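Just the heavy atoms: all of them, side chains too, but no hydrogens, waters or symmetry mates, feed the values below. Model, not experiment: these values are computed from the prediction.
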Amino acid sequence: MKCADTAPGGAACCGLEWPRLAAWLLVAGSFVYVLTALHAVVLGDSAASRLATVMSLVHEGTWYIDRPGGAEPNPFEQRTIDKVEVDGRILSTKPPVLPLAMTAEYAVLHALLGWDLRDPAYWKPVLQFMIVTLCIVPYAIGCVFFLWLLELLIADPRQRLIPLAALLFGTQLPGFATQLNNHTPAIAALIAALYFTVGIWSGRLAPSRPRLVGFGVAAALVFTLDMPLTLFVGVAGLGLIWKHPVRAAIWGGAGMLPILAVHFGAMLYVTGSPLPIQMHKAWYLFESSAWRNPGGIDALNEPWGTYLFHSTFGRYGIFLLYPALLAGPVALVCCAWRREYAAARAGYAAAALSIAVLYAYYVKSTNNYGGAAYGFRWGMGSMPLLVLMGIPVFQRIRRPWAWGLFALAMGVSAYSAWECYRAPWGDSHEWTCRLLFGPPYLKPGG
(Lines give C-alpha, C1' and ligand atoms only; values in the text may rest on other atoms or scores of the structure.)
Protein backbone atom coordinates (compact mmCIF):
# COMPACT_ATOMS: atom_id res chain seq x y z
CA MET A 1 0.00 0.00 0.00
CA LYS A 2 1.06 3.60 -0.46
CA CYS A 3 0.01 7.14 0.25
CA ALA A 4 -3.12 7.10 -1.88
CA ASP A 5 -4.33 10.70 -1.84
CA THR A 6 -5.90 11.50 -5.21
CA ALA A 7 -8.12 14.44 -4.24
CA PRO A 8 -7.44 17.69 -6.13
CA GLY A 9 -5.35 19.91 -3.94
CA GLY A 10 -4.74 17.06 -1.55
CA ALA A 11 -1.13 17.93 -0.91
CA ALA A 12 -2.02 21.47 0.09
CA CYS A 13 -4.52 20.34 2.70
CA CYS A 14 -1.90 18.18 4.41
CA GLY A 15 -1.02 21.28 6.40
CA LEU A 16 -4.50 21.61 7.85
CA GLU A 17 -4.57 21.23 11.61
CA TRP A 18 -8.28 20.73 12.29
CA PRO A 19 -8.49 17.26 10.67
CA ARG A 20 -5.54 16.07 12.76
CA LEU A 21 -7.18 17.43 15.89
CA ALA A 22 -10.48 15.81 14.87
CA ALA A 23 -8.72 12.46 14.39
CA TRP A 24 -7.20 12.55 17.87
CA LEU A 25 -10.57 13.59 19.30
CA LEU A 26 -12.12 10.52 17.66
CA VAL A 27 -9.50 8.31 19.30
CA ALA A 28 -9.96 10.00 22.68
CA GLY A 29 -13.74 9.87 22.35
CA SER A 30 -13.68 6.15 21.60
CA PHE A 31 -11.46 5.56 24.64
CA VAL A 32 -13.86 7.45 26.91
CA TYR A 33 -16.83 5.69 25.30
CA VAL A 34 -15.36 2.30 26.16
CA LEU A 35 -14.48 3.38 29.71
CA THR A 36 -18.07 4.37 30.42
CA ALA A 37 -19.16 0.72 30.12
CA LEU A 38 -16.79 -0.43 32.86
CA HIS A 39 -19.53 -0.56 35.48
CA ALA A 40 -21.29 -3.41 33.65
CA VAL A 41 -18.71 -6.21 33.68
CA VAL A 42 -19.81 -9.75 32.84
CA LEU A 43 -18.36 -12.81 34.53
CA GLY A 44 -18.92 -15.22 31.67
CA ASP A 45 -17.00 -18.25 30.47
CA SER A 46 -14.19 -16.20 28.94
CA ALA A 47 -13.40 -14.38 32.18
CA ALA A 48 -14.21 -17.21 34.58
CA SER A 49 -11.98 -19.74 32.82
CA ARG A 50 -9.00 -17.40 33.11
CA LEU A 51 -9.80 -16.25 36.64
CA ALA A 52 -9.94 -19.90 37.70
CA THR A 53 -6.29 -20.24 36.63
CA VAL A 54 -5.38 -16.94 38.30
CA MET A 55 -6.91 -18.01 41.60
CA SER A 56 -5.23 -21.41 41.53
CA LEU A 57 -1.80 -20.00 40.66
CA VAL A 58 -1.83 -17.35 43.38
CA HIS A 59 -3.52 -19.28 46.20
CA GLU A 60 -2.68 -22.91 45.36
CA GLY A 61 0.54 -22.59 43.37
CA THR A 62 -0.82 -24.78 40.58
CA TRP A 63 -2.26 -24.46 37.09
CA TYR A 64 -4.93 -27.05 37.90
CA ILE A 65 -8.27 -25.43 38.59
CA ASP A 66 -10.00 -28.37 40.28
CA ARG A 67 -9.63 -29.10 43.98
CA PRO A 68 -9.72 -32.84 44.62
CA GLY A 69 -10.05 -34.48 47.99
CA GLY A 70 -13.24 -32.83 49.15
CA ALA A 71 -11.78 -29.31 49.23
CA GLU A 72 -14.06 -26.37 48.51
CA PRO A 73 -14.23 -26.04 44.71
CA ASN A 74 -12.69 -23.18 42.77
CA PRO A 75 -15.71 -20.87 42.27
CA PHE A 76 -14.59 -19.80 38.82
CA GLU A 77 -14.06 -23.38 37.66
CA GLN A 78 -17.70 -23.99 38.52
CA ARG A 79 -18.77 -21.06 36.31
CA THR A 80 -17.14 -22.09 33.03
CA ILE A 81 -17.34 -24.85 30.46
CA ASP A 82 -13.98 -23.82 28.98
CA LYS A 83 -11.96 -26.55 30.68
CA VAL A 84 -10.35 -29.88 29.88
CA GLU A 85 -9.05 -32.89 31.79
CA VAL A 86 -5.35 -33.75 31.51
CA ASP A 87 -3.93 -36.68 33.49
CA GLY A 88 -7.01 -36.72 35.68
CA ARG A 89 -6.87 -33.01 36.59
CA ILE A 90 -8.83 -30.04 35.24
CA LEU A 91 -7.20 -27.17 33.33
CA SER A 92 -8.54 -24.05 31.66
CA THR A 93 -8.56 -24.21 27.87
CA LYS A 94 -7.14 -20.68 27.58
CA PRO A 95 -3.58 -20.14 26.27
CA PRO A 96 -1.20 -19.17 29.09
CA VAL A 97 0.09 -15.66 28.30
CA LEU A 98 -3.05 -13.66 29.13
CA PRO A 99 -3.80 -15.65 32.33
CA LEU A 100 -0.18 -15.13 33.40
CA ALA A 101 -0.53 -11.36 32.92
CA MET A 102 -3.75 -11.48 34.94
CA THR A 103 -2.00 -13.54 37.62
CA ALA A 104 0.78 -10.97 37.93
CA GLU A 105 -1.75 -8.17 38.31
CA TYR A 106 -3.83 -10.03 40.86
CA ALA A 107 -0.78 -10.99 42.90
CA VAL A 108 0.10 -7.30 43.20
CA LEU A 109 -3.48 -6.30 44.04
CA HIS A 110 -3.68 -9.06 46.64
CA ALA A 111 -0.36 -8.15 48.25
CA LEU A 112 -0.75 -4.36 48.26
CA LEU A 113 -4.51 -3.80 48.60
CA GLY A 114 -5.69 -7.05 50.13
CA TRP A 115 -8.09 -7.80 47.28
CA ASP A 116 -8.96 -11.48 47.49
CA LEU A 117 -10.76 -13.53 44.84
CA ARG A 118 -11.82 -15.97 47.54
CA ASP A 119 -14.24 -13.24 48.60
CA PRO A 120 -16.94 -12.57 45.94
CA ALA A 121 -17.02 -8.92 47.00
CA TYR A 122 -13.70 -8.43 45.19
CA TRP A 123 -14.62 -10.17 41.94
CA LYS A 124 -15.97 -7.05 40.26
CA PRO A 125 -13.15 -4.62 41.19
CA VAL A 126 -10.48 -7.16 40.23
CA LEU A 127 -12.18 -7.79 36.91
CA GLN A 128 -12.62 -4.05 36.28
CA PHE A 129 -8.93 -3.44 36.92
CA MET A 130 -7.94 -6.21 34.51
CA ILE A 131 -10.35 -4.99 31.83
CA VAL A 132 -8.80 -1.52 31.98
CA THR A 133 -5.18 -2.67 31.88
CA LEU A 134 -5.48 -5.67 29.55
CA CYS A 135 -8.30 -4.63 27.20
CA ILE A 136 -9.16 -0.92 27.28
CA VAL A 137 -5.58 0.37 27.36
CA PRO A 138 -4.51 -2.03 24.56
CA TYR A 139 -7.61 -0.94 22.62
CA ALA A 140 -6.53 2.70 22.95
CA ILE A 141 -2.98 1.81 21.85
CA GLY A 142 -4.38 -0.05 18.85
CA CYS A 143 -6.47 3.01 17.93
CA VAL A 144 -3.36 5.20 18.01
CA PHE A 145 -1.43 2.77 15.81
CA PHE A 146 -4.36 2.67 13.40
CA LEU A 147 -4.31 6.47 13.14
CA TRP A 148 -0.57 6.37 12.52
CA LEU A 149 -1.17 3.71 9.88
CA LEU A 150 -3.72 5.96 8.14
CA GLU A 151 -1.15 8.76 8.19
CA LEU A 152 1.19 6.49 6.25
CA LEU A 153 -1.47 5.65 3.67
CA ILE A 154 -3.46 8.86 3.21
CA ALA A 155 -1.85 12.24 2.60
CA ASP A 156 -4.96 14.36 3.13
CA PRO A 157 -5.76 14.48 6.88
CA ARG A 158 -9.44 15.03 6.11
CA GLN A 159 -9.69 11.71 4.29
CA ARG A 160 -8.38 9.82 7.32
CA LEU A 161 -11.45 10.67 9.37
CA ILE A 162 -13.88 8.35 7.56
CA PRO A 163 -11.92 5.08 7.87
CA LEU A 164 -10.92 6.00 11.43
CA ALA A 165 -14.56 6.60 12.43
CA ALA A 166 -15.60 3.40 10.64
CA LEU A 167 -13.22 1.31 12.75
CA LEU A 168 -13.78 3.09 16.07
CA PHE A 169 -17.56 3.42 15.95
CA GLY A 170 -18.74 1.00 13.28
CA THR A 171 -17.26 -2.37 14.28
CA GLN A 172 -17.27 -4.86 17.17
CA LEU A 173 -13.95 -3.60 18.50
CA PRO A 174 -15.16 -1.02 21.05
CA GLY A 175 -17.91 -3.34 22.28
CA PHE A 176 -15.58 -6.20 23.13
CA ALA A 177 -13.03 -3.83 24.66
CA THR A 178 -15.51 -3.30 27.49
CA GLN A 179 -15.18 -6.91 28.69
CA LEU A 180 -12.32 -9.27 29.43
CA ASN A 181 -11.33 -11.15 26.28
CA ASN A 182 -8.28 -12.13 24.27
CA HIS A 183 -9.40 -10.62 20.97
CA THR A 184 -9.01 -6.96 21.96
CA PRO A 185 -5.30 -7.04 22.91
CA ALA A 186 -4.59 -9.40 20.00
CA ILE A 187 -6.18 -7.01 17.47
CA ALA A 188 -4.31 -4.08 19.00
CA ALA A 189 -1.07 -6.01 18.51
CA LEU A 190 -2.14 -6.90 14.96
CA ILE A 191 -2.69 -3.22 14.10
CA ALA A 192 0.75 -2.36 15.52
CA ALA A 193 2.33 -5.13 13.43
CA LEU A 194 0.55 -3.80 10.32
CA TYR A 195 1.85 -0.29 11.05
CA PHE A 196 5.46 -1.48 11.16
CA THR A 197 4.96 -3.68 8.09
CA VAL A 198 3.30 -1.03 5.90
CA GLY A 199 5.74 1.66 7.01
CA ILE A 200 8.88 -0.41 6.39
CA TRP A 201 7.60 -2.02 3.19
CA SER A 202 6.64 1.35 1.69
CA GLY A 203 9.90 2.98 2.72
CA ARG A 204 8.13 5.57 4.86
CA LEU A 205 9.68 4.07 7.98
CA ALA A 206 13.32 3.04 8.19
CA PRO A 207 13.88 -0.67 8.94
CA SER A 208 15.49 0.15 12.28
CA ARG A 209 16.13 -2.40 14.99
CA PRO A 210 13.49 -0.97 17.39
CA ARG A 211 10.79 -1.13 14.69
CA LEU A 212 11.65 -4.67 13.68
CA VAL A 213 11.78 -5.75 17.32
CA GLY A 214 8.43 -3.99 17.79
CA PHE A 215 6.99 -5.99 14.92
CA GLY A 216 8.30 -9.18 16.51
CA VAL A 217 6.77 -8.38 19.89
CA ALA A 218 3.42 -7.53 18.27
CA ALA A 219 3.47 -10.67 16.11
CA ALA A 220 4.25 -12.88 19.11
CA LEU A 221 1.39 -11.31 21.08
CA VAL A 222 -1.00 -12.00 18.22
CA PHE A 223 0.10 -15.64 18.14
CA THR A 224 -0.17 -16.18 21.89
CA LEU A 225 -3.47 -14.29 22.30
CA ASP A 226 -5.50 -15.20 19.19
CA MET A 227 -3.69 -17.91 17.30
CA PRO A 228 -5.69 -17.95 14.02
CA LEU A 229 -4.82 -14.27 13.48
CA THR A 230 -1.19 -15.38 13.23
CA LEU A 231 -2.03 -15.86 9.55
CA PHE A 232 -2.09 -12.07 9.12
CA VAL A 233 1.16 -11.33 10.91
CA GLY A 234 2.76 -14.35 9.25
CA VAL A 235 2.05 -12.92 5.80
CA ALA A 236 3.24 -9.49 6.99
CA GLY A 237 6.43 -11.03 8.36
CA LEU A 238 7.13 -12.77 5.06
CA GLY A 239 6.80 -9.39 3.37
CA LEU A 240 9.36 -7.87 5.72
CA ILE A 241 11.76 -10.78 5.22
CA TRP A 242 11.36 -10.41 1.45
CA LYS A 243 12.26 -6.73 1.76
CA HIS A 244 15.00 -6.98 4.42
CA PRO A 245 15.89 -10.66 4.81
CA VAL A 246 18.65 -10.61 7.41
CA ARG A 247 17.57 -7.65 9.52
CA ALA A 248 13.91 -8.69 9.63
CA ALA A 249 14.74 -12.29 10.53
CA ILE A 250 17.23 -11.38 13.26
CA TRP A 251 15.52 -8.45 14.95
CA GLY A 252 11.96 -9.56 14.32
CA GLY A 253 12.89 -12.94 15.76
CA ALA A 254 14.51 -11.26 18.76
CA GLY A 255 11.24 -9.48 19.47
CA MET A 256 9.24 -12.68 19.23
CA LEU A 257 11.50 -14.94 21.27
CA PRO A 258 10.73 -13.91 24.90
CA ILE A 259 6.95 -14.06 24.52
CA LEU A 260 7.03 -17.29 22.54
CA ALA A 261 9.37 -18.80 25.15
CA VAL A 262 6.85 -18.00 27.89
CA HIS A 263 4.00 -19.46 25.87
CA PHE A 264 5.64 -22.71 24.83
CA GLY A 265 7.43 -23.13 28.17
CA ALA A 266 4.14 -22.84 30.03
CA MET A 267 2.37 -25.20 27.62
CA LEU A 268 5.07 -27.84 27.99
CA TYR A 269 5.12 -27.49 31.77
CA VAL A 270 1.36 -27.64 32.18
CA THR A 271 0.26 -30.15 29.53
CA GLY A 272 3.46 -31.86 28.40
CA SER A 273 2.76 -30.76 24.84
CA PRO A 274 3.59 -27.54 22.95
CA LEU A 275 0.42 -27.89 20.89
CA PRO A 276 -2.67 -25.81 21.68
CA ILE A 277 -5.18 -27.46 23.98
CA GLN A 278 -7.79 -27.14 21.23
CA MET A 279 -5.86 -29.70 19.18
CA HIS A 280 -6.32 -32.37 21.86
CA LYS A 281 -10.00 -33.18 21.33
CA ALA A 282 -9.98 -36.12 23.73
CA TRP A 283 -9.15 -33.80 26.64
CA TYR A 284 -12.57 -32.14 26.24
CA LEU A 285 -14.54 -35.35 26.67
CA PHE A 286 -14.09 -36.08 30.38
CA GLU A 287 -17.06 -37.44 32.27
CA SER A 288 -18.66 -34.19 33.48
CA SER A 289 -17.68 -32.09 30.45
CA ALA A 290 -20.35 -29.91 28.85
CA TRP A 291 -18.72 -30.72 25.50
CA ARG A 292 -19.82 -34.36 25.64
CA ASN A 293 -23.39 -33.21 24.98
CA PRO A 294 -23.22 -29.58 23.87
CA GLY A 295 -26.39 -27.52 23.85
CA GLY A 296 -27.68 -24.25 22.46
CA ILE A 297 -25.53 -22.52 19.91
CA ASP A 298 -22.65 -24.94 20.60
CA ALA A 299 -24.80 -27.78 19.23
CA LEU A 300 -25.32 -26.31 15.75
CA ASN A 301 -24.52 -28.56 12.81
CA GLU A 302 -25.10 -26.37 9.78
CA PRO A 303 -23.76 -27.06 6.28
CA TRP A 304 -20.63 -25.12 5.39
CA GLY A 305 -22.47 -22.95 2.89
CA THR A 306 -25.08 -21.95 5.46
CA TYR A 307 -22.40 -21.24 8.03
CA LEU A 308 -20.44 -19.08 5.58
CA PHE A 309 -23.55 -17.13 4.61
CA HIS A 310 -24.56 -16.37 8.18
CA SER A 311 -21.02 -15.37 9.12
CA THR A 312 -20.81 -12.89 6.25
CA PHE A 313 -24.27 -11.70 5.15
CA GLY A 314 -26.66 -13.55 7.48
CA ARG A 315 -27.71 -13.28 11.12
CA TYR A 316 -24.12 -12.96 12.37
CA GLY A 317 -22.70 -11.55 9.14
CA ILE A 318 -20.07 -8.85 9.51
CA PHE A 319 -21.15 -7.27 6.20
CA LEU A 320 -24.82 -7.13 7.24
CA LEU A 321 -24.19 -5.95 10.78
CA TYR A 322 -21.36 -3.61 9.72
CA PRO A 323 -22.00 -2.67 6.06
CA ALA A 324 -19.33 0.06 6.20
CA LEU A 325 -16.86 -2.84 5.94
CA LEU A 326 -18.18 -3.59 2.44
CA ALA A 327 -15.88 -0.79 1.28
CA GLY A 328 -13.06 -3.34 1.46
CA PRO A 329 -14.44 -5.87 -1.03
CA VAL A 330 -15.79 -3.06 -3.23
CA ALA A 331 -12.36 -1.44 -3.38
CA LEU A 332 -10.76 -4.79 -4.18
CA VAL A 333 -13.07 -5.26 -7.17
CA CYS A 334 -13.46 -1.68 -8.42
CA CYS A 335 -10.37 0.28 -7.42
CA ALA A 336 -7.34 -1.90 -6.79
CA TRP A 337 -6.76 -2.41 -10.51
CA ARG A 338 -6.40 1.36 -11.14
CA ARG A 339 -2.99 2.66 -12.04
CA GLU A 340 -2.62 4.87 -8.96
CA TYR A 341 -2.94 1.80 -6.75
CA ALA A 342 -0.44 -0.35 -8.61
CA ALA A 343 2.03 -0.27 -5.73
CA ALA A 344 -0.69 -1.40 -3.35
CA ARG A 345 -1.86 -4.46 -5.31
CA ALA A 346 0.40 -6.89 -3.49
CA GLY A 347 -0.99 -5.63 -0.18
CA TYR A 348 -4.58 -5.95 -1.38
CA ALA A 349 -3.98 -9.46 -2.68
CA ALA A 350 -2.27 -10.54 0.56
CA ALA A 351 -5.03 -9.06 2.74
CA ALA A 352 -7.89 -10.50 0.66
CA LEU A 353 -6.33 -13.97 0.46
CA SER A 354 -5.56 -13.99 4.19
CA ILE A 355 -9.14 -13.05 5.10
CA ALA A 356 -10.49 -15.72 2.75
CA VAL A 357 -8.23 -18.36 4.31
CA LEU A 358 -9.22 -17.28 7.83
CA TYR A 359 -12.91 -17.59 7.03
CA ALA A 360 -12.38 -20.94 5.32
CA TYR A 361 -10.62 -22.17 8.45
CA TYR A 362 -13.44 -21.09 10.76
CA VAL A 363 -16.17 -22.43 8.48
CA LYS A 364 -14.43 -25.80 8.37
CA SER A 365 -13.36 -25.95 12.01
CA THR A 366 -16.12 -24.33 14.08
CA ASN A 367 -19.90 -24.51 14.33
CA ASN A 368 -21.03 -21.81 16.77
CA TYR A 369 -20.09 -18.41 15.26
CA GLY A 370 -17.98 -17.66 18.32
CA GLY A 371 -20.49 -18.84 20.90
CA ALA A 372 -22.91 -16.64 22.82
CA ALA A 373 -21.40 -13.40 21.58
CA TYR A 374 -22.57 -10.48 19.47
CA GLY A 375 -21.95 -11.13 15.79
CA PHE A 376 -19.35 -13.41 14.25
CA ARG A 377 -16.72 -13.10 16.97
CA TRP A 378 -14.15 -15.05 14.97
CA GLY A 379 -14.22 -12.39 12.21
CA MET A 380 -13.35 -9.46 14.45
CA GLY A 381 -9.65 -9.62 13.60
CA SER A 382 -10.35 -9.06 9.90
CA MET A 383 -12.12 -5.75 10.51
CA PRO A 384 -9.04 -3.46 10.57
CA LEU A 385 -7.86 -5.03 7.32
CA LEU A 386 -11.25 -4.55 5.67
CA VAL A 387 -11.28 -0.87 6.67
CA LEU A 388 -7.77 -0.38 5.28
CA MET A 389 -8.71 -2.15 2.05
CA GLY A 390 -11.67 0.24 1.73
CA ILE A 391 -9.54 3.41 1.67
CA PRO A 392 -9.94 3.95 -2.12
CA VAL A 393 -13.72 3.82 -1.73
CA PHE A 394 -13.72 6.15 1.27
CA GLN A 395 -11.59 8.62 -0.67
CA ARG A 396 -14.09 8.74 -3.52
CA ILE A 397 -17.09 9.76 -1.44
CA ARG A 398 -17.85 13.12 -3.01
CA ARG A 399 -21.28 13.13 -4.66
CA PRO A 400 -24.44 13.50 -2.57
CA TRP A 401 -25.67 10.02 -3.45
CA ALA A 402 -22.32 8.55 -2.33
CA TRP A 403 -22.50 10.43 0.95
CA GLY A 404 -26.06 9.21 1.43
CA LEU A 405 -25.07 5.61 0.78
CA PHE A 406 -22.13 5.86 3.16
CA ALA A 407 -24.31 7.53 5.82
CA LEU A 408 -26.75 4.63 5.59
CA ALA A 409 -23.97 2.02 5.82
CA MET A 410 -22.28 3.84 8.69
CA GLY A 411 -25.60 4.31 10.49
CA VAL A 412 -26.33 0.58 10.41
CA SER A 413 -22.74 -0.19 11.43
CA ALA A 414 -22.87 2.28 14.32
CA TYR A 415 -26.17 0.82 15.53
CA SER A 416 -24.73 -2.71 15.50
CA ALA A 417 -21.62 -1.42 17.26
CA TRP A 418 -23.84 0.17 19.91
CA GLU A 419 -25.76 -3.07 20.42
CA CYS A 420 -22.45 -4.90 20.80
CA TYR A 421 -21.25 -2.23 23.23
CA ARG A 422 -24.35 -2.72 25.36
CA ALA A 423 -24.02 -6.53 25.43
CA PRO A 424 -21.00 -8.11 23.72
CA TRP A 425 -21.85 -11.45 25.33
CA GLY A 426 -25.28 -12.97 24.85
CA ASP A 427 -27.25 -15.34 22.68
CA SER A 428 -29.03 -14.26 19.46
CA HIS A 429 -29.63 -10.67 20.53
CA GLU A 430 -28.47 -9.09 17.25
CA TRP A 431 -31.05 -7.01 15.37
CA THR A 432 -30.54 -9.38 12.44
CA CYS A 433 -31.83 -12.25 14.60
CA ARG A 434 -34.75 -10.20 15.93
CA LEU A 435 -35.90 -8.68 12.63
CA LEU A 436 -34.72 -10.88 9.75
CA PHE A 437 -33.61 -14.45 10.41
CA GLY A 438 -34.69 -15.42 13.89
CA PRO A 439 -32.41 -17.32 16.30
CA PRO A 440 -30.31 -20.18 14.91
CA TYR A 441 -32.03 -22.73 17.15
CA LEU A 442 -35.17 -23.05 19.24
CA LYS A 443 -34.59 -22.39 22.91
CA PRO A 444 -36.27 -24.61 25.50
CA GLY A 445 -39.90 -23.57 25.72
CA GLY A 446 -39.53 -21.43 22.58
Closest heavy-atom pair, Pro99 versus Thr53, reported as atoms and distance to 0.1 Å, is CB-CG2, 4.2 Å
(Q) Just so I know, are the side chains of Val393 and Leu326 near enough to count as touching, which here means a heavy-atom distance under 4.5 Å? (A) no
In short, Pro207 meets Leu212 closest at the heavy-atom pair O-CD1, 3.6 Å
Exactly one of Trp304, Phe376, Tyr369 clears ring-ring contact (aromatic ring centres under 6.0 Å, His included) with Tyr359, and that residue is Phe376
*Main-chain N/O of Tyr316 paired to Glu430 side chain as donor or acceptor, under 3.5 Å*: no
Rounded to the nearest 0.5 Å, the CG atom of Leu173 sits from the OH atom of Tyr322 at a distance of 9.0 Å
CD1 (Ile277) and NZ (Lys94) are apart, to the nearest 0.5 Å, by 10.0 Å
Check: Is a side-chain donor or acceptor of Gln172 paired with a backbone partner of Cys420 at a separation under 3.5 angstrom?
Finding: no
Distance col, row Arg50:CZ vs Thr103:OG1, nearest 0.5 angstrom, shows 11.5 Å
Minimal heavy-atom distance between Val235 and Ser354, with the atoms involved, is CG2-OG, 3.5 Å
Notebook entry, point to check: Does Thr197 reach the side chain of Phe232, with side-chain heavy atoms less than 4.5 Å apart?
Noted result: no
Any donor and acceptor pair, going by atom type alone, linking the side chain of Asp45 with main-chain N or O of Ile81 inside 3.5 Å? yes
Distance col, row Trp378:CH2 vs Met380:CE, nearest 0.5 angstrom, shows 9.5 Å
Residues Pro276 and Met227: closest non-hydrogen pair is CG-SD, 3.5 Å
Please check if atom CH2 in Trp24 has more than 12 non-hydrogen atoms from other residues, nucleotides or ligands closer than 6.0 Å.
yes
Glu77 meets the salt bridge (charged side-chain N to carboxylate O under 4.0 Å, His left out) criterion, sequence neighbours left out, with Lys83
Exercise. Backbone N or O of Leu221 within a donor-acceptor pair of the Thr224 side chain at under 3.5 Å?
Worked result: yes
Any donor-acceptor pair under 3.5 Å from Thr62 side chain to Ser56 backbone = no
Problem - His59 ring center within less than 6.0 Å of Tyr106 ring center - result: yes
How about Phe176 and Trp425: are their ring centroids closer than 6.0 Å?
yes
CZ of Arg20 to CG of Leu147, rounded to nearest 0.5 Å, is 10.0 Å
- Message: For Ile90 and Asn74: C-alpha separation, side-chain torsions, deciding distance, then whether side chain to side chain contact (heavy atoms under 4.5 Å, CB included) applies.
- Response: CA-CA 11 Å; Ile90 303 297; Asn74 184 318; over 6 Å; no
Sequence neighbours excluded, the answer for ring pair (Phe, Tyr, Trp, His ring centres under 6.0 Å) partners of Tyr374 is His429
For Tyr284 and Thr93, which I'm curious about, is there any donor-acceptor pair between the side chains at under 3.5 Å? no
* To do: Could you tell me how the ring of Tyr195 sits relative to the ring of Trp148: parallel (under 30°), tilted (30 to 60°) or perpendicular (over 60°)?
  => tilted
**Message:** Can a donor-acceptor pair be found, under 3.5 Å and without considering hydrogens, that links the side chain of Ser49 to the backbone of Asp82?
**Reply:** yes
Residues at least two apart in sequence or cross-chain that pass salt bridge (charged side-chain N to carboxylate O under 4.0 Å, His left out) with Arg209, listed by chain then number, are none
Practice problem: Would you confirm whether Arg160, through its side chain, and Ala23, through its main-chain N or O, come within 3.5 Å as a donor-acceptor pair? | Solution: no
What one should report as the nearest heavy-atom pair of Ala177 and Cys135 is O-CB, 3.7 Å
query = More than 12 non-hydrogen atoms from neighbouring residues, nucleotides or ligands closer than 6.0 Å to CH2 on Trp251, yes or no?
reply = no
Q. Does the Asn367 side chain pair with the main chain of Asp298, one donor and one acceptor, at a distance under 3.5 Å?
A. yes
Under 3.5 Å: donor-acceptor pair, side chain of Asn368, backbone of Ile297:
no
Donor-acceptor pair, side chain of Ser382 and main chain of Gly379, under 3.5 angstrom | yes
Discussion item. Does Arg89, at its CZ atom, have more than 12 non-hydrogen atoms belonging to other residues, nucleotides or ligands within less than 6.0 Å?
Written reply: yes
* **is_close_aromatic(Phe223, Phe264), centroid dist under 6.0 Å** => yes
Heavy atoms of Met256 and Gly216 approach each other most closely as CG-O, 3.2 Å
Between the CZ atom in Phe145 and the CG atom in Leu194, the distance rounded to the nearest 0.5 Å is 11.0 Å
